[in-house]
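Single-structure report; data block below.
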Amino acid sequence: MMLMVTTTRLAACAIGLAGFLVSATAMAADHPDFSGVWTFHRAGGNLFGPRWAGDEVMKPEARAKVEAYHKLVDPRGESPGGWCVGTGMPGSMLGSGGYPMEIIQRPEQITIVYEAHTELRRIYLSGPNASVPDSDLFPTRSGYSTGHWEGDTLVVETKALEEQVDQAAAHSENARIVERYHLDRDENGKTLLVAEMTMTDPDFYTAPVTMTKTWDASEDGRMLYYDCNEPAWEDHLDNLRNGRTDEASNDK
Amino acid sequence: MKKFLFLGGLIAACMAATPVLAHHSAAQFDFGQSVKVEGVVKVIEVANPHTKLIMEVSDDKGTREIEYEGHSRNNIYRRGWRPDSVKAGDHITITIAPLRSGADGGYVQSMTTDSGKSF
């Protein structure tokens, strides 16, 4: 009798577990799959993404910071990219130098790899990583991103950003970014990924800045490895081998 | 329009990624001009963020080695370059955006080998 009850319970548990798994799979399948490699939308009119739309609503004190930065680096033609530093948000999603990006989608996390400088974003949808308290976050160029689905639209919210004046979409550490991703099709029926991005930053802008970015599905689906620091490391090694300092080498 | 997009792309690529130990800055290149130069490759390092090319060039000013910068390895790969495409000793023709100063050097917009490969 005991064996029969146990067997029945096991069967019920198995059916319940199977039902849960089927249900979870169905839920995951309910959402669009953004997985794959996406490249800049050639028909969009601007090869390297839309021009930053926030300049007209930038506050004078923020503009002064940006101008001071440009005064410093422009005469030397320097940029974060020249130092192998990624663009940071929202510049990485709006432009990323025209290089493709790869999306890896799991039910609990979406990972975006921008080919340029291998910039990486993790968008947490569920689980403990999706609810890290503010007191445990530290600011970075890409920030901390969480997401949720609203029908077929993926809504991503980003905070914990560093203040950045070294990208076109300059912002303070208090900036908040909301991206809304959905699939679409062009006039030829080819798949597009479209994101509407709104950055709200009362420290730098008098109004939220909203822009739209569109990607084509990559035809070859191929991301290339992007190393950048290696030449500098090799130059450094050459200097060590030849008894030179890096400074002396740069001053040649 | 295509020409405009290509030019815009070149400028954006250049501004986005200047070589770490660069002696020349992106602002110094005149992307409004395209100049053809031919010579013999002395050094070619196809890398990110930019390619380094040193070429022996002979013209009215004499024979000398000139250093150029070019597209990132990823960009040049997508334009058809492969690791065995160009090596030291090869004679090639390049199209450059010259330095605004008029000095030797520039930003390589395209390379063509004597066998006709172009990237």
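Only a predicted model underlies this, so the values are computations on that prediction, with no experimental measurement involved. Lettering follows sequence order; numbering is per chain, from 1.
Counting non-hydrogen atoms of neighbouring residues, nucleotides and ligands closer than 6.0 angstrom, the CD atom of A:E61 exceeds 12 such neighbours. Within 6.0 Å of atom CG in A:N188, more than 12 heavy atoms from other residues, nucleotides or ligands are found, so the atom counts as buried in its surroundings.
Rounded to the nearest 0.5 angstrom, A:L224 CG and B:R73 CZ are separated by 8.5 Å.
When all heavy atoms of A:R222 and B:Y77 are compared, the pair lying nearest together is NH1-OH, 2.7 Å. Of all heavy-atom pairs spanning B:P49 and A:C228, the tightest one is CD-SG, 3.3 Å. Looking at every heavy atom in both residues, B:N74 comes nearest to A:Y99 through CB-CE2, 3.8 Å.
Here A:L120 pairs with A:T111, A:V113, A:R122 under the side chain to side chain contact (heavy atoms under 4.5 Å, CB included) rule; sequence neighbours left out. In this view, A:A160 and A:L137, A:Y144 satisfy the side chain to side chain contact (heavy atoms under 4.5 Å, CB included) rule, not counting sequence neighbours.
Put simply, the side chain of B:R78 reaches to within 4.5 Å of the side chain of A:P100, judged on heavy atoms.
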